[in-house]
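Read through the structure below, which is laid out as structure tokens, and then see the notes.
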Amino acid sequence: MEIGDYLSIAKRWWWTLLVAIWVAALAGYLVASRLPPTYESEVVLLVGPISNSDVNTLKASGELVQTYATLVTSQPVMSATIEKLGLTMSTQELESNTSALANDVTRFLTIDVDDSDPREAARIANGVAGELIALTSQGTVRPEGQLQIIDPAEPPGAPIAPQVGLIVMLAAVAGLLGAIVVILLAEYFSETIRTREDLVRHAPVPVLTTLGGARSGFGASTGTLAVEAAPTSRLAASLRLLSAKIAYVDGTRQARTILIAACQPGDNVAEVAASVASSMAQSGRAVTLVDASPTAPSATELLGLQGQPGLSEALATGASLARYQGSRMTDLPVVPRGVEAMPDDIEAETARRILDALQTEGGVTIIAGGAISSSAASLTLARLADVTVLVVDRDRTRRDNVSYAVETLRLVKANLVGTVLSLRHAPQAARRVGPSRVLATSGGRLSAAPGRRPAPDASTPGASTSPPDVGAGRQR
């Protein structure tokens, strides 16, 4: 992966990293605050005479410093100290708590002793120094071998351990590294689309745009479409740009039929198709939105048109969609999915005749289709449409479903012009617009369609519910 891929991963998982750092730092603080304190006391000794100007004597004293430093933790000194002070620890424990630092230039020998009691640490340090002096003064002692205490040990005022700040920092770093490892493993073994680059690898067509995100409101239960709720937002601008990109098949010929399909059931087709249709209608073009999705969430539910006849009835009878004028919205005619369940498959000639009837007005037909991986009807519509666009939900759409959809569309010779990456963080049910908020485009805004039969409310007894899934549809 490139640097941009890692930055994209960090942007998506930043909250996980912060939580991992916070939890690890808190755990480190709780552990460090419960550790017993450790105090360190030191005694400083001088090897050799203080005021002897003989160079040889001073040089010999400097050489003896290292020898005396080794003797500090020797068995005789440790045992004698324990016996004299009446300590309850073993010689190994005392040795592990005692250290010596020698300086052959200054001839200073520093003895450090650690203990949980500051007074005991000072007492032991002075005791070790006394036993070392006693050991080295046995027999005849020359001036260069004399030992004398220069700075006796005193009880320290503050512990040297635990260092709570350092432990917290190290725990936070450990938590961050652990979270990074887990995230990279999750990214590596993930079966869903995560980034634009990931989408391009599995669908080798242009990514037309990336819609939504945590702060954009796309996919939120706002009851309105972004192109009318926030026309100056980045999301609305992206939708208008998407509409312009897919409006022309080859840059010169205008597309008359545009299919916006999903890779798998539940992808965010309804909002993308409705937003593209609304954006085109606001630009002054004659647009008709047709809901051909066999399952929820659908544009019919999103726009509050449940229970109204539409495409499924037209397919069953072969009638013109003009018969369902009551299901249209001001400036943005909408053909709902219908009361009956959408069939598993549709006859190409019937679908062509219905779509041609809509195109006689010289406008654009936007079809909100189903999932390519499970809807044969969507494949038929893809063959008839001038342009097909695939919608992919990040962190939800499986990679193999994306590859399968692209391969299937190529087999039926559909004109797949690109993909749309929808940044919804979790699959959501369709948002229903209440009876007084059926959306329509009027004067560049979406408003309630006049004379509209209210959409049934799910909370009302006897209200209509969404039609069953495609498996219950009429067999042809």
Side-chain angles (χ1 to χ4, degrees), residues 1-20 178-221 235 238 242 260-273 275 293-298 368-375 378-379 382 388-410 416-431 469-470:
M1 292 191 296
E2 298 180 354
I3 296 179
D5 296 329
Y6 290 108
L7 294 178
S8 179
I9 293 174
K11 186 176 180 180
R12 289 200 310 276
W13 292 88
W14 63 269
W15 58 271
T16 304
L17 296 174
L18 288 181
V19 169
I180 290 175
V181 171
V182 172
I183 289 172
L184 291 179
L185 289 176
E187 290 282 336
Y188 181 79
F189 291 105
S190 173
E191 297 180 350
T192 60
I193 296 296
R194 295 297 184 92
T195 63
R196 288 174 62 100
E197 294 74 15
D198 194 14
L199 178 56
V200 170
R201 282 193 292 268
H202 293 83
V205 291
V207 179
L208 300 177
T209 190
T210 300
L211 298 176
R215 299 182 180 180
S216 68
F218 193 62
S221 302
L235 175 59
S238 298
L242 172 63
I260 299 179
C263 291
Q264 65 186 33
D267 285 345
N268 196 21
V269 170
E271 288 177 288
V272 175
S275 299
S293 176
T295 58
S298 66
I372 298 298
S373 61
S374 60
S375 174
S378 294
L379 288 178
T388 298
V389 176
L390 277 179
V391 176
V392 178
D393 281 1
R394 192 194 74 182
D395 295 333
R396 182 184 181 280
T397 305
R398 293 173 57 90
R399 293 168 177 169
D400 53 355
N401 283 338
V402 174
S403 301
Y404 175 80
V406 173
E407 182 180 357
T408 303
L409 290 173
R410 286 177 176 174
L416 178 61
V417 297
T419 58
V420 174
L421 183 61
S422 176
L423 302 188
R424 294 196 306 179
H425 295 288
Q428 303 177 22
R431 268 66 60 187
D469 289 345
V470 64

Show your reasoning for whether side chain to side chain contact (heavy atoms under 4.5 Å, CB included) applies to L390 and L409. CA-CA 10 Å; L390 277 179; L409 290 173; 4.0 Å; yes
For side chain to side chain contact (heavy atoms under 4.5 Å, CB included), just list the numbers for V417 and V389, CA-CA rounded to whole Å, side-chain angles, deciding distance to a tenth of an Å, and then say yes or no. CA-CA 6 Å; V417 297; V389 176; 3.8 Å; yes
Residues T388, I372; criterion side chain to side chain contact (heavy atoms under 4.5 Å, CB included); working and verdict: CA-CA 11 Å; T388 298; I372 298 298; 5.7 Å; no
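I193 contributes atom CD1, which lies 8.5 Å from atom CZ of R201 (distance to the nearest 0.5 angstrom). Note: E191 CD to N401 CG = 10.0 Å, rounded to the nearest 0.5 Å. The distance from atom CD1 of I183 to atom CH2 of W14, rounded to the nearest 0.5 Å, is 12.0 Å. The CG atom of L242 sits 9.5 Å away from atom OG of S275, with the distance rounded to the nearest 0.5 Å. In this structure, CZ in R396 is found 10.5 Å from OG1 in T192, a value given to the nearest 0.5 Å. Remark: D395 CG to S422 OG distance equals 11.0 Å, nearest 0.5 Å.
Heavy-atom minimum distance, V406 versus A203: CG2-CB, 3.6 Å. Shown here for A273 and I260, the closest heavy-atom pair between the two residues is CA-CD1, 3.7 Å. Among all heavy-atom pairs drawn from D267 and D393, the shortest one is CA-OD2, 3.5 Å. Shortest non-hydrogen contact noted between V269 and G369 is CG1-O, 3.6 Å. Taking each heavy atom of Q264 and A371 in turn, the nearest pair found is C-CB, 3.3 Å. The heavy-atom pair separating L17 from A179 by the smallest distance is CD2-CB, 3.9 Å.
Residues that satisfy the side chain to side chain donor-acceptor pair (under 3.5 Å) test with R196, not counting sequence neighbours, are T210.
Side-chain N or O atoms of T209 include none that pairs as donor or acceptor with a backbone N or O of V420 at under 3.5 Å. A donor-acceptor pair is defined here as one N or O able to donate and one able to accept, closer than 3.5 Å; such a pair exists between the side chain of S378 and the backbone of G370.
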